[in-house]
Q: 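Let me give you the structure first, and then I'll get to my questions.
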Amino acid sequence: MIEHLPILAITVPLFAAFLLPIIEKAHFRARNAAALLAILSVNVMVVLLALRLSREGAPLVYVLGAQSPAQILPQGLDFPIRIMLKIDGFSIFMALTSAVVVLVSYVYSMKYVPEDPRKNYYTILLMLMLVGMLGLEFTNDLFNFFVFLEILSISSSALVSYSYNRKFSPYAGYKYMMISAVATSFLLIGIAFFYSQYGSFNIEYLHGVIRFTLLDKIALIFMVVPLAMKAGAIPMHMWVPDAYSEAPAPVTAALVSASQASLYGVFRLSFSLFGNPVSDVTLNYHTLGWIIIVLGVLSMFVGVTMALVQHDVKRLMAYHAISQTGYMLLGVGVGVVVYMDPGGAAYAAFGRDAMMGGIFHIMNHAFYKGLLFLTSGVMVLRFGTRDLNKMMGMAHRDTFTTLCFIAGALAISGVPPFNGFASKILIYESVYRFSPILAIIAMFVSVLTLASFLKVFYGAFLGPRNEDIIVIDEPLPATVTAAMGVFCFLVLAMGLFPGEVLKYLVEPAVAGLVPGR
Amino acid sequence: MISPIIFIILSIVIIIAAFLSLYFRDLLACVVSFSVLSLVLTVIYFHLDAPDVAIAEAGIGAALTTCIFVIAVKLTRRREE
Amino acid sequence: MRLISLLSVVFIAGFLLVAVMRLHPVGEPLGNRDVFRFRGDTVTDMRNVDTMDDYFLRNGQRETGSNNIVASVVFDYRGFDTLGEATVLFIVVCAISMLMSFLYNQNYVMEANFRGPDEFPRNVSRIISFGSFMLFPLIISFGIYLVLHGHISPGGGFQGGAVMASGTALLLISLLITRHVQRTKVIFSFFESLGLTVFISLGFAGITASFLYNFLANGSPLFLGRTIPFGPNPGFLNSAGILPLLSLAVGVEVFFGISIILIQLYHFTRYASRAGGGRDI
Amino acid sequence: MTAHEYIWKTMPGIHWNPLVLLALFIIIALLIAFAGKLFFRADYHKGTDQVKPFNSGNLDEIDYNVKSSNLYWGFRKALDFYYRGVDSLHNGDLNDYMKWLAFTVSICLLLIGGGLL
Amino acid sequence: MSNFFLYLTSILLIMAGLAAILYKRNLIKIVIALNILEAGVNLLFITLGYRPGGTAPIFTMAPELEGLSMVLPTPQALILTNIVIGFATTALMLTFAVLTHRHNDTMDIRNLRGVESND
């Protein structure tokens with residue numbers, strides 16, 4: 001059974017999701033237990049896969065539908081014909097992040113989302129979001145990547161418009177779905193160009209055969225730019241505040257890791273598909289790196305300046321998600337320019353540090369941004385509104401939520417004992433050696449991030465306790481505090497012991513993404 | 001051997017149907033011209049030796065998509081304001 | 001600002017045309033005209049080298065046992081895409097019943113003077129209702145034919161299911177499905193989950209070799225395993241292993257899924273009420 | 001090598017040792033929490049109406065809580081030219097969002113055309 | 001060069017769909033534009049696998065002639081999936097459009113700009 005783990009990690013939650021409408025007939029607690037069991041088993045399987053990968057070293061390959069899972073090439077042929085799953089360091093790193101975030105957001109939403117006939121569909125769609133993310137990160141086939149991206153987009157856009165009594169939630173779902181549909185159609189055009197040239201969809205095979213003709217570069221643009229739009233990069237980021245602020249709090253936490261799955265798609269397609277193969281003709285990595293750097297810096301600056309003036313707490317945190325995506329793009333962009341450019345600067349070690357900082361920031365961001373959105377959920381639960389001006393004095397009763405919010409706010413602005421600091425320090429150091437101005441902008445943006453979360457802390461938590469604006473006063477359910485507690489523990493533990501996480505998780509991820517050198 | 005003339009005619013019909021379905025102000029007219037587009041697309045797929053796709057495009061593209069478009073226009077406004 | 005957006009659209013159109021001109025001319029084998037594919041050290045011209053499709057055409061009948069190579073690619077070689085595809089349809093059915101389910105909630109005030117669009121026609125002329133009543137069995141039988149003969153003649157799970165779903169649309173329009181909407185929705189969603197579970201458990205059944213492995217093909221003719229000769233042949237019903245079963249499962253799921261979508265959308269006006277109440281989450 | 005030895009042997013020096021950092025963090029937090037006790041006024045009682053802030057002028061109920069949204073009004077006014085431009089960007093209009101996608105794709109295609117990529 | 005305009009039709013469909021998404025105001029018309037974009041992509045994929053002299057890739061009752069060349073099956077398998085995904089996306093977006101009309105009583109994007117601008 002151990003060799004079938006890659007496919008079981010994707011199909012067990014799928015099987016559970018298909019059975020949920022029937023389990024729902026029994027009792028809603030049976031449905032809660034079944035869903036929790038399925039998501040827990042996914043986490044266990046992904047951890048087992050991580051252990052197996054670290055033991056074997058080589059990426060795990062699983063061929064679907066062949067006599068044996070390892071039979072990559074049919075007899076006597078040198079190109080694969082079936083769909084393959086390929087799991088290397090980077091995909092297991094993203095799979096761990098997605099599995100943990102969806103588990104915690106499901107535990108949070110068991111009691112947080114009110115129990116009504118629609119809660120069953122909510123559970124199914126959240127689990128299918130997890131299936132979409134895992135499938136996106138494990139597959140080695142371009143068209144399969146398209147199908148799982150479609151699963152992820154449709155289930156998350158349906159969850160965005162879950163609250164039917166808000167005026168703009170269906171319209172937010174409409175915008176998110178339209179953006180995802182156009183992005184996947186562009187992706188399909190890119191796949192068509194590849195298929196017409198090389199006759200195959202396998203990423204690993206295309207990596208070996210690619211000749212960088214003009215058609216390949218056009219296909220690269222048509223595949224990478226729409227995925228950058230779905231990840232929230234700057235010129236095309238305007239859908240992020242609308243979608244994140246209209247969705248319920250646990251769904252937004254899962255949406256953050258969904259956008260990061262698209263970011264994984266950007267890095268996977270621009271590195272594994274367009275890495276520098278044996279042939280001498282290659283992509284000009286200097287320009288590609290600088291495109292990613294410019295996107296990153298713009299995202300950082302515009303995201304945080306927009307967040308500073310918001311008075312809706314969820315829109316404020318959504319703009320922070322954009323600015324933190326800017327950090328990841330900056331780290332990886334500097335890594336590309338310095339590290340991958342054969343003719344460019346000496347392959348200084350700090351290029352690899354920048355890449356490690358950028359990728360490590362993906363996991364950190366998923367955890368502390370999830371924590372912040374869960375605390376914003378408690379704020380909305382308490383005051384019934386999202387407007388910071390109408391909130392006051394929450395710290396009097398909810399001390400645990402206040403501590404969680406402080407942990408999240410300090411982590412996002414990179415204060416030492418928390419995990420934001422570990423990856424931001426890597427990014428600052430390596431970007432400073434690359435060009436000091438970028439590092440200074442990055443630090444200034446961190447200061448503005450802390451300033452805007454100070455505003456949220458002052459608005460919602462401090463101030464006298466005002467009875468008539470509090471809507472719900474009884475203590476929080478156990479699962480809600482447990483979910484926030486798990487994120488708090490993760491944020492603190494990874495901040496105190498970054499060395500282990502870097503050695504076991506981020507190192508193989510960068511090795512998987514940028515082989516050789 | 002299917003002479004390319006058929007493809008030229010069908011292509012022109014498709015282009016006209018596409019532009020008309022985006023040009024009309026009355027939404028029902030747009031939906032009808034979109035179903036004409038799907039129908040002609042089915043014929044093109046048939047001539048491109050793709051019978052599976054032709055049946056799928058006819059069954060889903062022409063029949064069901066037009067049906068849900070008509071229901072959606074019925075539930076909202078008919079004229080584009 | 002308007003000029004920039006016009007310019008960028010024209011620019012994308014121009015580059016797409018340039019890209020399409022560099023594509024291989026229609027009808028030529030795959031492969032780029034100015035590209036030769038590396039195979040080890042020998043450089044071979046892409047044009048006479050076989051690709052994935054030539055393998056399917058040559059070995060499709062032997063390995064999967066189905067005459068319709070497209071059906072063998074859809075359900076056997078790239079069966080995982082079809083599983084993803086059935087999931088996409090399942091997601092949309094769940095999403096629409098989630099978004100529309102506030103209609104059937106009792107605690108939503110039914111506005112008396114709701115200015116909904118003028119109702120659908122109350123009564124339909126005798127010809128339409130009787131005609132569609134007679135036509136419905138024909139559509140369903142044609143759909144079942146398409147589903148079951150997926151691996152012999154063109155057709156398969158999706159096309160058959162879609163044709164049967166257009167039968168439901170016919171019943172809806174001729175007002176034959178008017179009462180017990182909630183109960184039909186529950187029964188249809190049960191069958192839809194059943195179809196999907198059969199599909200994925202067939203995938204698990206072959207797990208000893210690998211997921212979605214066609215373990216029935218080329219086995220005993222009793223269990224759909226008849227081996228078929230290469231080249232044109234009249235086609236045998238019990239030949240393609242788990243292909244007909246997968247096609248049947250997908251057909252059931254598509255029919256009941258799309259029927260739920262149509263029923264929910266169609267009945268939106270009758271129950272529509274101003275949505276209100278509920279806690280902001 | 002027992003777990004205890006492993007922890008203490010592989011720990012980096014005193015200054016970067018995370019456990020020391022954690023202990024330091026907790027000690028300082030406690031210090032700040034209880035240092036306050038020295039400066040509290042003994043005659044303050046929690047539940048009484050002393051909690052109400054002292055509004056010197058008119059006594060009718062005024063909204064004395066400074067709204068959180070005008071915390072950075074100076075920053076907003078200073079960069080007003082920038083915020084007017086950026087606000088018009090996020091106007092919730094689907095067409096504008098897609099125009100930005102078309103704009104970015106055409107810029108990248110320009111890079112290819114220019115032979116840069 | 002005989003049927004190069006099949007590529008031309010698919011490019012025209014793609015650009016018509018994209019341009020309408022950028023400029024049309026009505027919610028349902030944008031969904032129609034998305035469907036036209038998907039139809040263009042499907043046509044592009046199918047014309048990639050077309051062989052002028054070939055027959056459909058089905059061996060039942062296939063003509064017995066010697067040089068039997070067949071059309072490529074993989075694009076057809078993928079387009080089958082893409083058509084059903086296109087239908088699913090359209091059904092979902094029409095539900096969103098109907099619910100938006102129910103809440104805001106307008107189908108025009110310009111009136112839906114109601115994002116409360118920050119202070």
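The sequence lines fix the lettering, A, B, ..., with proteins before strands; numbering per chain opens at 1.
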Q: Given heavy-atom pairs under 4.5 angstrom as the criterion, report whether the side chain, backbone, both or neither of A/Val63 touches chain C.
A: backbone
Q: Could you tell me if the side chain of C/Arg78 sits less than 4.5 Å from the side chain of A/Phe201, heavy atoms only?
A: yes
Q: A/Leu215 and C/Met21: side-chain contact (heavy atoms from CB on, under 4.5 Å), yes or no, with the steps?
A: CA-CA 10 Å; A/Leu215 208 52; C/Met21 270 190 288; over 6 Å; no
Q: For residues C/Thr87 and A/Phe148, determine if any side-chain heavy atom of one lies less than 4.5 Å from a side-chain heavy atom of the other.
A: no
Q: May I ask you to test the A/Thr213-C/Arg22 pair for a side-chain heavy-atom distance under 4.5 Å?
A: no
Q: What part of A/Asn120 gets within 4.5 angstrom of chain C, counting heavy atoms only: side chain, backbone, both, or neither?
A: neither
Q: Could you grab the distance from atom CG of A/Leu125 to atom CD1 of C/Ile91, nearest 0.5 Å is fine?
A: 7.0 Å
Q: Please look at A/Pro80 and chain C and tell me whether the side chain, the backbone, both or neither of the residue comes under 4.5 angstrom of a heavy atom of that chain.
A: backbone
Q: Are any of the side-chain heavy atoms of C/Leu212 and A/Ile83 separated by less than 4.5 Å?
A: no
Q: Considering only heavy atoms from C-beta outward, does the side chain of A/Ile151 approach that of C/Phe90 to under 4.5 Å?
A: no
Q: Using a cut-off of under 4.5 Å on heavy-atom pairs, state which of C/Ala19, C/Ala95, C/Gly195, C/Ser189 scores highest against chain A.
A: C/Ala19
Q: Measuring heavy-atom distances to chain C, does A/Ile124 have an atom under 4.5 Å in its side chain, in its backbone, in both, or in neither?
A: side chain
Q: Check for a donor-acceptor pair, side chain of A/Tyr62 on one end and backbone N or O of C/Ser210 on the other, with a separation under 3.5 Å.
A: no
Q: Evaluate A/Phe193 against C/Leu16 for side-chain contact (heavy atoms from CB on, under 4.5 Å), listing each step before the verdict.
A: CA-CA 11 Å; A/Phe193 287 158; C/Leu16 265 180; 3.9 Å; yes
Q: Tell me, side chain or backbone of C/Ile96 under 4.5 Å from chain A's heavy atoms, or both, or neither?
A: neither
Q: Using non-hydrogen atoms and a 4.5 Å limit, figure out which bit of A/Thr11 sits close to chain C: side chain, backbone, both or neither.
A: both
Q: Which region of A/Leu20, side chain (C-beta onward) or backbone (N, CA, C, O), has a non-hydrogen atom less than 4.5 Å from a non-hydrogen atom of chain C, or is it both or neither?
A: neither
Q: Please report the interatomic distance SG(C/Cys94) to CG(A/Leu159), rounded to the nearest 0.5 Å.
A: 10.5 Å
Q: So, do C/Leu196 and A/Leu14 sit near enough that their side-chain heavy atoms are less than 4.5 Å apart?
A: no
Q: Please round to the nearest 0.5 Å and tell me the distance separating atom OH of C/Tyr55 and atom CZ of A/Arg82.
A: 7.0 Å
Q: Among C/Ile12, C/Val88, C/Leu194, C/Ile207, which residue has the highest count of heavy-atom pairs closer than 4.5 Å to chain A?
A: C/Ile207
Q: Has C/Phe191 got more than 12 heavy atoms of other residues, nucleotides or ligands less than 6.0 Å from its CZ?
A: no
Q: Please look at C/Glu63 and chain A and tell me whether the side chain, the backbone, both or neither of the residue comes under 4.5 angstrom of a heavy atom of that chain.
A: side chain
Q: Evaluate the side-chain proximity of C/Phe80 to A/Ile10: yes if any heavy-atom separation is below 4.5 Å, no if none is.
A: yes
Q: Need one label for C/Phe56: side chain, backbone, both or neither, based on atoms under 4.5 Å from any heavy atom in chain A.
A: side chain
Q: Kindly indicate whether the side chain of A/His4, heavy atoms from C-beta on, has any atom under 4.5 Å from the side chain of C/Phe211.
A: no
Q: Just how far is it from atom CG of C/Leu89 to atom CD1 of A/Ile154, taken to the nearest 0.5 Å?
A: 9.0 Å
Q: Check each atom of A/Leu128 against the heavy atoms of chain C and say whether the ones under 4.5 Å are side chain, backbone, both or neither.
A: side chain
Q: Sort out for me which of A/Val147, A/Val380, A/Leu64 touches chain C most, counting heavy-atom pairs under 4.5 Å.
A: A/Leu64
Q: How many angstroms lie between atom CD of C/Glu192 and atom CD1 of A/Ile22, to the nearest 0.5 angstrom?
A: 10.0 Å
Q: What part of C/Phe204 gets within 4.5 angstrom of chain A, counting heavy atoms only: side chain, backbone, both, or neither?
A: side chain
Q: To the nearest 0.5 angstrom, please state how far the OH atom of A/Tyr205 sits from the CE atom of C/Met52.
A: 9.5 Å
Q: When only pairs under 4.5 Å are counted, which of A/Ile221, A/Leu19, A/Asp141, A/Val131 shares the most heavy-atom pairs with chain C?
A: A/Asp141
Q: Against chain C, label A/Lys119 side chain, backbone, both or neither, depending on which of its atoms sit under 4.5 Å from a heavy atom there.
A: neither
Q: Heavy atoms only, distances under 4.5 angstrom: which of A/Gly173, A/Ala66, A/Ala17, A/Pro250 has the most pairs with chain C? Name it, please.
A: A/Ala66
Q: Looking only at heavy atoms, what is the nearest atom pair of C/Met98 and A/Arg118, with distance?
A: O-NH1, 3.6 Å
Q: Heavy atoms only, distances under 4.5 angstrom: which of C/Asp81, C/Val73, C/Asn214 has the most pairs with chain A? Name it, please.
A: C/Asp81
Q: Determine the minimum heavy-atom distance between C/Ala209 and A/Gln67, stating which atoms define it.
A: CB-O, 2.9 Å
